[in-house]
Amino acid sequence: MIKIDVDERKWKKIKEEHSEWYSDNILPNIRNAYEFIESQKSKSYSMKKYLELLKKIIDKGKDFIIQKELFLDYENKEIDKIIKIMKKKNKKSKSILEIRFEKLNISEEYLPNQLFCYKKLQTGNKDWNRNKLLSLIGIEICPYCQRNYISSYEENNDEKTTADLDHFYPKSLYPFLALSLYNFIPSCQICNSRFKGNKDTRDSVYLYEESFDELGVKFRTSKEVIGEILGERYSDFYVKIDYENLKNKEDGEKVKNSIENLGLDRVYKKSHNQYIQNLLYNIEKYPENYLENCVEMFESNVDKKKQLEEYFKDIVKEPYRKRIENGEPLAKLTKDILEEFNIKI
């Protein structure tokens, strides 16, 4: 998992565009909802909690949608209470808040999933929408798995993207965060739809604050297989995501939750075995094999032979060095495996 790091100038523009769009298209409806619901003078606990939430959001003005503190200073227990009144048990059931709205004959347009409707950003307008936001963010590798490209492109003079815009805190549980900038994670479809879905991620690694690298999480293989890999170019081994020795137990729990939510242990276990075998073979064995064919040329000059061997090794390492430097797919896997086998690159 890679920390989200966007160019400062781009991020400033994104915040300006997103807050203006929110101020013009969403905030007025939230104010209307608050005024109408308050006028009903309901004594219901769920309605009071909802009004309290809306008031906090209104008080933040257009900055609510771009602030990094997503939960408005609520303690975890209070967040749990808010989720409880908004959450549906299943697709066919209704939330406590929806039931209360029906009893009071309040329009559904004032429910949180309508006030903070993500579809409004998907379509947006010619100046601001989902695709423009993703194109400006400019992230090209899925930060969850670092395996898949998520590219932007132009079509009919308009920005398009192959990325999903994942809600880190799912909008089914946190509908009031459905349009919040710091709840958006550009991701590949596999991570977003196949694995993560609507799982609650409140106790997971949050990519606007930290990454696996910063926490000390490493990809590891079994060291015992290196002889087989280099000897036969094939070995039945698996990749493990190592987080057991993290100093902070809370960090370990967050990492564990993230791995399970995103299926990272499953997609990395054996998916890239051939890549790892080629990586180790190319760096450790290929230069030697090539030099054996040139041995007659350097039979009487050991120094030149050694110099050429190091030169060949450096050439072979260069693509992997660039992969790591540029943060390309499998960059962390590459770096960690090389470190595991003490190969300097």
Side-chain angles (χ1 to χ4, degrees), residues 18-19 22-23 26-27 29-90 93-104 106 108-118 166-185 196-210 248-258 260-261:
H18 195 53
S19 62
Y22 168 76
S23 180
I26 307 297
L27 189 54
N29 299 333
I30 298 172
R31 291 193 179 108
N32 292 339
Y34 178 82
E35 290 172 5
F36 181 80
I37 296 170
E38 188 183 39
S39 71
Q40 302 305 297
K41 306 296 182 185
S42 173
K43 295 181 180 180
S44 161
Y45 171 80
S46 60
M47 297 300 284
K48 286 180 178 179
K49 291 302 294 182
Y50 186 42
L51 278 172
E52 176 191 288
L53 174 65
L54 293 182
K55 181 66 166 60
K56 281 177 174 281
I57 290 170
I58 291 167
D59 287 347
K60 292 289 183 180
K62 67 179 184 180
D63 289 337
F64 167 71
I65 212 71
I66 58 170
Q67 67 179 19
K68 197 169 184 179
E69 173 48 60
L70 295 172
F71 292 107
L72 301 159
D73 300 320
Y74 277 118
E75 298 291 335
N76 279 339
K77 288 183 179 179
E78 290 299 305
I79 298 171
D80 290 337
K81 291 175 183 177
I82 291 170
I83 293 173
K84 188 175 181 179
I85 67 171
M86 295 182 177
K87 182 181 178 181
K88 296 181 179 183
K89 290 182 179 179
N90 53 60
S93 66
K94 293 182 179 180
S95 67
I96 294 171
L97 200 58
E98 286 176 313
I99 294 170
R100 182 55 56 184
F101 264 52
E102 280 187 356
K103 288 183 177 179
L104 296 172
I106 298 175
E108 290 184 354
E109 66 180 318
Y110 294 150
L111 286 166
N113 64 326
Q114 296 295 323
L115 288 179
F116 303 89
C117 182
Y118 175 62
D166 175 54
H167 291 78
F168 183 81
Y169 300 104
K171 55 185 181 291
S172 60
L173 301 177
Y174 307 88
F176 59 97
L177 299 179
L179 298 172
S180 293
L181 183 61
Y182 282 94
N183 194 31
F184 292 153
I185 308 287
K196 182 173 171 289
N198 294 322
K199 295 167 186 169
D200 195 348
T201 50
R202 209 176 341 146
D203 296 320
S204 301
V205 177
Y206 180 52
L207 296 183
Y208 283 102
E209 293 180 349
E210 55 200 356
N248 190 323
K249 289 185 179 180
E250 290 182 2
D251 286 345
E253 195 62 30
K254 286 193 298 183
V255 170
K256 179 184 176 183
N257 291 337
S258 294
E260 291 177 354
N261 288 340

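As the structure is a prediction and not an experimental result, all values here were calculated from the model. Side chains are part of it too, since the values below use all heavy atoms of this structure and drop only hydrogens, waters and symmetry mates.
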task = State, without any angle test, whether Asp200 and Tyr174 hold a side-chain donor-acceptor pair at a distance under 3.5 Å.
result =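 A pair is found: one side chain offers a donor N or O, the other an acceptor, under 3.5 Å apart.
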
query = If we ignore angles and hydrogens, is there a donor and acceptor under 3.5 Å between the side chains of Arg100 and Tyr50?
reply =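 Distance-only check fails for Arg100 and Tyr50.
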
So how far is it from [X] [atom1] to [Y] [atom2], rounded to the nearest 0.5 Å?
X: Ile26; Y: His18; atom1: CD1; atom2: NE2; answer: 9.0 Å
X: Ser204; Y: Glu260; atom1: OG; atom2: CD; answer: 9.5 Å
X: Ile30; Y: Tyr110; atom1: CD1; atom2: OH; answer: 12.5 Å
X: Lys89; Y: Lys94; atom1: NZ; atom2: NZ; answer: 14.5 Å
X: Ile106; Y: Ser39; atom1: CD1; atom2: OG; answer: 8.0 Å
X: Ile57; Y: Asp63; atom1: CD1; atom2: CG; answer: 13.5 Å

For [X] versus [Y], what's the shortest heavy-atom pair and its separation?
X: Asn183; Y: Leu177; result: ND2-O, 3.1 Å
X: Gln114; Y: Glu109; result: CB-O, 3.5 Å
X: Ser19; Y: Ile65; result: CA-CG2, 3.8 Å
X: Thr201; Y: Pro170; result: OG1-CD, 4.2 Å
X: Ile185; Y: Phe168; result: CG1-CB, 3.9 Å
X: Lys171; Y: Ala178; result: CB-CB, 3.9 Å

Do [X] and [Y] make a side-chain contact, defined as non-hydrogen atoms from C-beta onward lying under 4.5 Å apart?
X: Leu104; Y: Met47; result: yes
X: Lys81; Y: Tyr45; result: yes
X: Phe176; Y: Leu115; result: no
X: Leu181; Y: Gln67; result: no

task = Dump the intermediate steps for side-chain contact (heavy atoms from CB on, under 4.5 Å) on Ile83 and Arg202, then the final yes or no.
result = CA-CA 12 Å; Ile83 293 173; Arg202 209 176 341 146; 3.4 Å; yes

message = I'd like to know whether Lys87 forms a side-chain contact (heavy atoms from CB on, under 4.5 Å) with Ser95, so could you lay out the CA-CA distance, the side-chain angles of the two residues, the decisive distance to 0.1 Å, and finally the verdict.
response = CA-CA 5 Å; Lys87 182 181 178 181; Ser95 67; 6.0 Å; no

request  = Report the C-alpha distance between Leu72 and Leu53 in whole Å, list the side-chain angles of each, state the deciding distance to 0.1 Å, and finish with yes or no for side-chain contact (heavy atoms from CB on, under 4.5 Å).
outcome  = CA-CA 9 Å; Leu72 301 159; Leu53 174 65; 3.7 Å; yes

[X] side chain to [Y] backbone, donor-acceptor under 3.5 Å:
X: Asn198; Y: Ser172; answer: no
X: Lys68; Y: Tyr208; answer: yes
X: Ser23; Y: Lys62; answer: no

request  = Keeping to residues at least two apart or across chains, list the salt bridge (Lys or Arg N to Asp or Glu O under 4.0 Å) pairs with something in residues 45-56.
outcome  =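 Of all non-adjacent pairs touching residues 45-56, those that pass salt bridge (Lys or Arg N to Asp or Glu O under 4.0 Å) are Lys49-Glu52, Lys49-Glu78, Lys55-Asp59.
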
key: Residue Glu75 excluded, over 12 heavy atoms near CD under 6.0 Å   =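 No - once you tally the heavy atoms of other residues, nucleotides and ligands closer than 6.0 Å, there are 12 at most.
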
key: Those residues that, when tested against Tyr118, pass ring pair (Phe, Tyr, Trp, His ring centres under 6.0 Å) (two or more places apart)   =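 His167.
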
task = Report the C-alpha separation of Asp80 and Lys84 in whole Å, then their side-chain angles, then the decisive distance to 0.1 Å, and conclude whether the side-chain contact (heavy atoms from CB on, under 4.5 Å) test is met.
result = CA-CA 6 Å; Asp80 290 337; Lys84 188 175 181 179; over 6 Å; no

query = Should the ring pair Phe64 and Tyr22 be called parallel, tilted or perpendicular, given that the plane angle runs from 0 to 90° and is split at 30 and 60?
reply =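 Tilted: the ring planes of Phe64 and Tyr22 meet at 30° to 60°.
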
message = Counting the benzene-type ring for Trp, do Phe71 and Tyr169 have ring centres under 6.0 Å apart?
response =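 Yes - the distance between ring centres of Phe71 and Tyr169 falls below the 6.0 Å cut-off.
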
query = Do Lys254 and Glu210 sit within salt-bridge range, that is, some charged N less than 4.0 Å from a carboxylate O?
reply =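 Salt bridge flag = yes for Glu210 with Lys254.
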
